[in-house]
Protein chains: 2
Amino acid sequence: MTSIHDVAKAAGVSISTVSYALSGNRPVSENTRSRIEAAVRELGYQPNAGARMLAGRRTHIFALTEPLRPDTHAPTHMAFVLATSVAARKRGYDILLLTDEQASAGMSRVTASDLVDAVLVLDVAPDDERVAIARSIRTPTIFIGIPDDSEGLHCVDLDFHGAGSLAVDRLVHAGHRSIALIGQASLAYQRSNFPRRLLNGFEARAEERGVDHSFSASGETVTDPRAVRRAVETALDDGASALVVHAADDVHEIALAVLAERGLAVGTDISVLSAGASFDTANLSAAVDTIPLIPQLSCDLAVDLAVRSLEESLTPSVHLIPPEYREVGSVAPPRLG
Amino acid sequence: MTSIHDVAKAAGVSISTVSYALSGNRPVSENTRSRIEAAVRELGYQPNAGARMLAGRRTHIFALTEPLRPDTHAPTHMAFVLATSVAARKRGYDILLLTDEQASAGMSRVTASDLVDAVLVLDVAPDDERVAIARSIRTPTIFIGIPDDSEGLHCVDLDFHGAGSLAVDRLVHAGHRSIALIGQASLAYQRSNFPRRLLNGFEARAEERGVDHSFSASGETVTDPRAVRRAVETALDDGASALVVHAADDVHEIALAVLAERGLAVGTDISVLSAGASFDTANLSAAVDTIPLIPQLSCDLAVDLAVRSLEESLTPSVHLIPPEYREVGSVAPPRLG
DNA sequence: TTGAAAGCGTTACCAT
DNA sequence: ATGGTAACGCTTTCAA
């Protein structure tokens, strides 16, 4: 393998100058720098990772811990992994994957061996066992998601509570007085707490505004088409003029199908709003206003916090990303019954 | 951080003895070994990763390259990532994730910097650009999947051709003379070549056995419920007495629903066989015989090849995993029309 | 069976 | 603006 010595020799400088030229930690004359860069390109030099870790203070690797349980919603999850990986790479970091039992055990292991500079935690459970581990290690740890007890932790997530409130606000502002929320499968309300945060925001604001509201899960453990149909039909029968959907794409489709069957046109006869969806709602069979969950936003921020906490001492806190509203015309004043 | 010196001091031995005791590269007296182990436990010692990489010849990390394209089937993919990660960990390796553009560029980068001991390639395309990279690097590379040109590469995959043949054999043996294959969405036949390998095996054996056969994709880019319905209905109308399904779970469900609507009982009025599925077919609404795609089998073998190629020079070759048949009673002799 | 010490390829401090 | 060199914490050869 070609080493820093080869580059130094080729450029006619010392190895320290090469090191500084590459790291930018010391000014290097333009002339020297370009000779070094030429040598680097010519030789295809890449610094040895092990040596860099040992001598420097950085491994340039982040651990990404994700249990990958059987009930994990794969598409959403994949979006977060991809977003994390892209965000990390933008800052010069690689991602070391910790799954399954290693999601927890690996955290202690790779931090104790100084394999990673920081840990990013995905798929956070309310009583996540990785919380205790995070508190026991010295390596900066960022949660993408919020456990019940977030004391002393760095957390990043969409403001689901705010998203629930915003949904109600928009619908009430359009004139709706009876709103139904179709949520996730019941199991999701135990596995994570973001579904409940959205629900809480929805209910609190609906109470405040004094509008009728209802909530139904979209199944027990996974999407149950019959449960979704029933939920939508009941909501309509009870006079709801607007639907908020916080669930996977298939739930949206089923709901839209029921509306279509009833001859209700979205954005005219009935208002529909998707909240907290990480998939592209533009692919749904009808255009719907969306308060999206954007993985790249959370993951960019998480990586940014990780990088910054390597340079300064950050005060732990929960970072809530403000919900944003994307209007495409699926919300209109209610049809008078 | 606690280092090997601390352990050596605590155990009253030299650091080399500690190193040997932990690596097992040299016999160490039982007495000494236990004192060292006690010290390791007491101090919570973990060898520094960077130092280990630099001094030793191993990083104990494998790169896992997966593009994660938007059309990747997330659940299947997740199963392979999990299986790879588990397999690697069993052999003492961690997984470094290379996604997106880094799936290719990262391969050169992390191998040139000696960050990984081997590369595992997932989601292999027929004309995968990672093939050229694999040929250009010295780091052992194992493909989980088979590109069109596999010359000089280590590849591991289910024998999809054999799976297609086996499906036909079982059905013909049961007496069927007209068989329909419901395959993946058309796009999948361009993105990868395993769907076609199964199709080829199916068609070749059906020709050999002289039975009627047909093939339909389950959509254009993704599952299209109407396309699946049409395919099943057409097959039935054309007299097919058995269905082979090589597709995602939703396609299975739609097909089973059509059969149910027609009042056809699976395993009695109609035979159904699932081939190349990586999800648990036991969760389908009807029990079906299965020739499964088992990620753990491919990934264990891939990791094994990776580990072995670090110790000896392996001759590159394509390893096809023999298909296995799981019978639950969905295949029976055809009902006489 | 054990120890001493020479690297491994960087980074960063101390000189010049 | 640049160079020399001591760490960094381990593995492994060479000695005993």
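Proteins get letters first, then strands, A, B, ... in listed order; numbering begins at 1 in each. Note that the structure is a prediction, hence the values are computed from the model and not measured. All values below were derived from every heavy atom in this structure, side-chain atoms included, with hydrogens, water molecules and symmetry-related copies excluded.
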Quick tally for nucleotides 11-16 of chain C: nucleotides whose base has a protein heavy atom under 4.0 Å get B, sugar-phosphate-only ones S, the rest -, giving BBBB--

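Atom CG in Leu115(A) sits about 13 Å away from atom P in dC10(D), given to the nearest Å. Counting to the nearest Å, the P atom of dG9(C) and the CG atom of Asp6(A) are 9 Å from each other. In this entry the distance linking NE2 of His5(B) with C1' of dC8(D) reads 11 Å, nearest Å. One can place NZ of Lys9(B) at 19 Å from C1' of dT2(C), the figure rounded to the nearest angstrom. Between the CG atom of Leu22(B) and the P atom of dT12(D) there is a distance of 13 Å, given to the nearest Å. For the pair Asp114(B) CG and dC10(D) P, the computed distance is 20 Å after rounding to whole Å.
When only modelled atom types and interatomic distance are considered, Arg35(B) and Asn31(B) share a side-chain donor-acceptor pair under 3.5 Å. Of the N and O atoms on the side chains of Ser16(B) and Ser14(B), at least one donor lies less than 3.5 Å from an acceptor on the other residue.
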*Is there a side chain to side chain contact (heavy atoms under 4.5 Å, CB included) between Leu122(A) and Leu64(A) once you walk through the steps?*
CA-CA 7 Å; Leu122(A) 232 48; Leu64(A) 180 65; 4.0 Å; yes

For this session: Verify salt bridge (charged side-chain N to carboxylate O under 4.0 Å, His left out) between Glu37(B) and Arg41(B), making sure each step is shown before the conclusion.
Result: CA-CA 6 Å; Glu37(B) 280 167 359; Arg41(B) 256 194 308 280; 5.1 Å; no

Decide yes or no on salt bridge (charged side-chain N to carboxylate O under 4.0 Å, His left out) for Asp100(B) and Arg69(B), but give the supporting numbers first. CA-CA 7 Å; Asp100(B) 206 58; Arg69(B) 308 189 207 82; over 6 Å; no

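Nearest-nucleotide assignment on DNA chain C puts the 5′-proximal partner with Glu30(B), out of Glu30(B) and Gln46(A).
In Glu311(A), the CD atom is crowded: over 12 heavy atoms of neighbouring residues, nucleotides or ligands sit closer than 6.0 Å. No more than 12 heavy atoms of other residues, nucleotides or ligands sit less than 6.0 Å from atom CD of Glu42(B).
Of the candidates dG9(C), dT1(C), dT2(D), the closest approach to any side-chain atom of Leu54(B) belongs to dG9(C).
Axis orientation changes by 40° from one end of the helix from dT1(C)-dA16(D) to dT16(C)-dA1(D) to the other, with each end axis drawn from 5 pairs and the value rounded to 10°.
Under the side chain to side chain contact (heavy atoms under 4.5 Å, CB included) test applied with Ile321(B), the options Leu301(B), Leu293(B), Asp300(B), Ile294(B) reduce to a single match, Leu301(B). Test Val119(B), Asp128(B), Thr99(B) against Thr65(B) for side chain to side chain contact (heavy atoms under 4.5 Å, CB included) and you get one pass: Val119(B).
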